[in-house]
Amino acid sequence: MKPRFWICLILSALLASCAHGGGKPALTFNAAVPEGWKEIPNRRHHDVHDQGRRLQAVRAHPGAPLAEPFQFTKKTMQPGMLPEAAAEIIVNEILADSNIRNFSVTENIPAHIAGNRGFRLAFVYTDADGYFFKTVYYGFIKGDSFYNIRYGATRKSIFKRI
């Protein structure tokens with residue numbers, strides 16, 4: 001099957017699980033993982049990537065507590081924060097990561113995700129190994145949690161399709 005089909009399937013499954021209607025964040029969910037990809041769940045997020053190569057990956061945060069500071073900027077989000085302000089915190093966090101070089105936002109627009117007001121960021125950057133990535137990042141705040149999902153790919157994978 002086409003890689004685009006699998007990516008859409010994965011993103012749909014992950015977004016649906018991240019934006020469930022219950023009061024508590026979803027801590028577990030299921031995703032259809034394409035052949036040749038690897039699923040790497042941990043306490044903070046859930047990764048699915050092309051095994052061994054990491055030329056494309058999906059990462060989902062199914063409900064990070066707002067009070068938890070971000071790794072590089074130590075900033076936090078607040079309940080009821082506007083999507084534009086949340087997107088700005090994410091951009092600043094990425095800029096503060098020393099492994100990210102030549103970072104440029106190509107899109108920063110409002111988005112509705114499973115009925116929640118959020119944002120869609122698209123950006124490009126070079127990593128510490130010199131790979132050029134394009135990433136699409138969706139995020140929203142619901143209650144006391146921040147939900148996000150992102151898909152990133154290099155030029156060598158399916159960069160031109162996203």
Side-chain angles (χ1 to χ4, degrees), residues 4 6-33 37 39-49 54 56-128 132-153 159 161-162:
R4 187 177 185 115
W6 285 108
I7 291 163
C8 289
L9 181 65
I10 290 169
L11 287 175
S12 297
L14 293 175
L15 275 175
S17 66
C18 288
H20 68 90
K24 288 188 169 186
L27 299 177
T28 61
F29 54 87
N30 295 316
V33 180
W37 283 50
E39 193 171 8
I40 308 172
N42 72 34
R43 186 181 72 79
R44 299 174 68 92
H45 53 79
H46 194 90
D47 285 350
V48 179
H49 66 81
R54 290 193 180 261
Q56 54 185 331
V58 176
R59 174 175 280 184
H61 252 112
L66 295 181
E68 187 175 309
F70 284 92
Q71 179 181 356
F72 301 110
T73 61
K74 307 300 181 204
K75 292 182 180 183
T76 59
M77 294 188 182
Q78 305 299 317
M81 177 180 272
L82 293 174
E84 297 84 3
E88 184 177 332
I89 287 176
I90 296 304
V91 168
N92 288 332
E93 180 69 11
I94 295 167
L95 284 168
D97 184 343
S98 63
N99 292 315
I100 303 296
R101 297 175 176 87
N102 306 316
F103 177 78
S104 177
V105 174
T106 58
E107 182 178 62
N108 183 354
I109 59 173
H112 284 273
I113 305 142
N116 298 285
R117 289 182 52 218
F119 62 87
R120 173 190 158 108
L121 289 173
F123 52 88
V124 294
Y125 66 93
T126 306
D127 72 3
F132 186 81
F133 283 89
K134 179 177 182 180
T135 298
V136 177
Y137 185 118
Y138 286 89
F140 68 93
I141 293 172
K142 183 173 183 172
D144 291 332
S145 298
F146 175 64
Y147 297 81
N148 70 73
I149 186 167
R150 65 190 105 169
Y151 170 72
F159 177 82
R161 296 184 191 178
I162 63 170

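- Here the closest non-hydrogen pair linking Thr76 and Leu66 is CB-O, 3.5 Å.
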- Item | Evaluation steps, side chain to side chain contact (heavy atoms under 4.5 Å, CB included), between Asp127 and Asn99 | CA-CA 6 Å; Asp127 72 3; Asn99 292 315; 5.9 Å; no

- Test Lys75 against Glu93 for salt bridge (charged side-chain N to carboxylate O under 4.0 Å, His left out), laying out the working first. CA-CA 8 Å; Lys75 292 182 180 183; Glu93 180 69 11; over 6 Å; no

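- Here the shortest heavy-atom pairing between Met81 and Met77 reads CE-CA, 3.9 Å.
- Interatomic distance, CD1 of Ile94 versus CD1 of Ile89, reported as 12.5 Å (0.5 Å rounding).
- Note on ring orientation: taking the six-membered ring where Trp is involved, the planes of Phe70 and Phe146 are perpendicular (angle over 60°, cut-offs 30° and 60°).
- The distance from the CD1 atom of Ile113 to the CD1 atom of Ile149 is 9.5 Å, given to the nearest 0.5 Å.
- Although no hydrogens or angles enter the test, the distance criterion places no donor-acceptor pair under 3.5 Å between the side chain of Ser104 and the main chain of Val124.
- For the atom pair CG of Asn108 and CD of Glu84, the computed distance is 8.0 Å after rounding to the nearest 0.5 Å.
- By the neighbour-count criterion of 12 heavy atoms within 6.0 Å, atom CZ of Arg101 is densely surrounded, having more than that number from other residues, nucleotides or ligands.
- For Glu88, the side chain to side chain donor-acceptor pair (under 3.5 Å) test picks out no residue, with sequence neighbours left out.
- Distance CG/Asp97 to CG/Asn92: 13.0 Å, rounded to 0.5 Å.
- Of all heavy-atom pairs between Gly143 and Pro79, the closest is O-CB, 3.9 Å.
- For the atom pair NE2 (His112) and OH (Tyr138), the distance works out to 12.5 Å, reported to the nearest 0.5 Å.
- Between Tyr147 and Phe140, the ring planes are parallel. Angles under 30° get that label, and only those over 60° would be called perpendicular.
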- Task: Evaluate side chain to side chain contact (heavy atoms under 4.5 Å, CB included) for Thr135 paired with Tyr125, printing each intermediate quantity in order.
- Result: CA-CA 8 Å; Thr135 298; Tyr125 66 93; 3.6 Å; yes

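- Pro83 approaches Gly118 most closely through the heavy-atom pair CB-O, 3.3 Å.
- A distance of 14.0 Å separates CZ in Phe133 from CZ in Phe103, rounded to the nearest 0.5 Å.
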